[in-house]
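Take a look at the structure set out below.
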Amino acid sequence: GDSVTQTEGQVTVSESKSLIINCTYSTTSIAYPNLFWYVRYPGEGLQLLLKVITAGQKGSSRGFEATYNKETTSFHLQKASVQESDSAVYYCALGDLGTGNTRKLIFGLGTTLQVQP
Amino acid sequence: EAAVTQSPRNKVTVTGGNVTLSCRQTNSHNYMYWYRQDTGHGLRLIHYSYGAGNLQIGDVPDGYKATRTTQEDFFLLLELASPSQTSLYFCASIRRANTGQLYFGEGSKLTVL
């Protein structure tokens, strides 16, 4: 089957420090998976943070970046200097949106980021 | 800005109760989805649809029905609610040709006593 693994359920980082949230994926049915990071701020719905649809490429948004690594099947989210406003739940997702009518995303468990002032 | 509206935002019912969660999108998107979010499980797909009258089974469909009455409206039905269905439910939509930007509603918190 297809799955996304986020090993950390919660991460606490001090403001201005660097961040990495790990994400690995596994797929047996998707030939060319697309990879995404979504974010959910308190009281809001999920919103797309960044996406990468081609292996080897990097996506970036709001100071966050992630590189699609097909060799290690990873898509880790990084930020050089976090702010308190980055406190949220981050979801890594794997998708097959290229063919047919079975378009759906598979989400990881989510990682809650708490940034301490 | 794409809009997905869910109602009700909060609902409390008893075991065996009948619940309908509503979702409306005004984005002219073809695909709509219902997810549930639970601690320790992340987001899990219940049902989805690629157009009015269409329904696709998701990964955790047991105990749920869904109906897509129009391009805009997608309903999730719990006809005999159980405590295990206490969860936060998200509706989302996506344009057919889009490459992954799901637009989510703000969520519906359901508690089954």
Side-chain angles (χ1 to χ4, degrees), chain A residues 1-10 21 23-25 29-30 32-54 57 59 61 66 68 75 88-112, chain B residues 1-7 9-10 21 23-25 27 29-61 68 88-109:
Chain A
D2 306 319
S3 64
V4 175
T5 301
Q6 293 178 242
T7 52
E8 304 101 349
Q10 180 156 332
I21 298 177
C23 172
T24 57
Y25 68 91
S29 64
I30 306 171
Y32 302 100
N34 303 157
L35 298 175
F36 311 86
W37 278 101
Y38 278 79
V39 59
R40 181 173 169 238
Y41 297 103
E44 300 181 13
L46 283 81
Q47 55 186 274
L48 180 67
L49 178 60
L50 57 87
K51 65 181 181 185
V52 180
I53 61 174
T54 305
Q57 294 198 347
S61 174
Y68 184 160
F75 191 56
V89 183
Y90 293 81
Y91 295 91
C92 185
L94 164 73
D96 174 14
L97 299 165
T99 60
N101 286 318
T102 58
R103 301 169 185 208
K104 59 179 183 178
L105 293 187
I106 299 157
F107 287 85
L109 298 188
T111 298
T112 300
Chain B
E1 179 69 21
V4 179
T5 304
Q6 294 182 230
S7 63
R9 295 291 309 281
N10 283 284
L21 302 181
C23 178
R24 165 163 281 210
Q25 55 94 4
N27 311 317
H29 287 170
N30 294 310
Y31 287 77
M32 295 185 74
Y33 303 80
W34 277 108
Y35 285 90
R36 60 177 289 175
Q37 186 200 349
D38 305 285
T39 303
H41 290 280
L43 273 83
R44 293 181 289 175
L45 182 63
I46 305 170
H47 291 298
Y48 62 109
S49 165
Y50 57 76
N54 174 264
L55 182 65
Q56 302 291 314
I57 306 297
D59 300 319
V60 289
R68 180 90 176 269
L88 180 59
Y89 292 87
F90 286 105
C91 177
S93 72
I94 188 172
R95 191 187 303 275
R96 180 180 179 86
N98 190 274
T99 54
Q101 185 160 356
L102 283 173
Y103 292 89
F104 282 84
E106 294 179 335
S108 295
K109 172 68 176 165

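What you are looking at is a predicted structure, and each value in this text was computed from that prediction instead of being measured. The chains referred to below are lettered A, B, ... by the order of the sequence lines, with proteins before strands, and numbering in each begins at 1.
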Revision key, fill the gap. Sorted by chain and number, sequence neighbours left out, side chain to side chain contact (heavy atoms under 4.5 Å, CB included) with T24(A) holds for T5(A), S74(A), H76(A)

Practice item. Please report the C-alpha distance between L48(A) and F104(B) in whole Å, then the side-chain angles of each, then the deciding distance to 0.1 Å, and finally whether the side chain to side chain contact (heavy atoms under 4.5 Å, CB included) criterion is met. Key: CA-CA 9 Å; L48(A) 180 67; F104(B) 282 84; over 6 Å; no

Practice item. Spell out, as yes or no, whether a donor-acceptor pair under 3.5 Å connects the side chain of Y91(A) to the backbone of L43(B). Key: no

Check your understanding: Measuring heavy-atom distances to chain A, does D38(B) have an atom under 4.5 Å in its side chain, in its backbone, in both, or in neither?
Key -> neither

Review point. Is there side-chain contact between L102(B) and L46(A), with heavy atoms separated by less than 4.5 Å?
Key: no

Check your understanding: If you measure from CG on L105(A) to CD1 on I94(B), what distance do you get to the nearest 0.5 Å?
Key -> 6.5 Å

Check your understanding: R40(A) and L88(B): which non-hydrogen atoms are nearest, and at how many Å?
Key -> NH2-CD2, 3.2 Å

Exercise for review: State the CD1-CZ distance between I106(A) and R44(B), to the nearest 0.5 angstrom.
Suggested key: 14.0 Å

Practice item. List the steps, then state whether side chain to side chain contact (heavy atoms under 4.5 Å, CB included) holds for F107(A) with L45(B). Key: CA-CA 9 Å; F107(A) 287 85; L45(B) 182 63; over 6 Å; no

Review point. Checking Q37(B) against chain A: side chain, backbone, both or neither under 4.5 Å from a heavy atom?
Key: side chain

Check your understanding: Does Q57(A) have any side chain to side chain contact (heavy atoms under 4.5 Å, CB included) partners at least two apart in sequence or in another chain, and if so, which?
Key -> V52(A), T54(A)

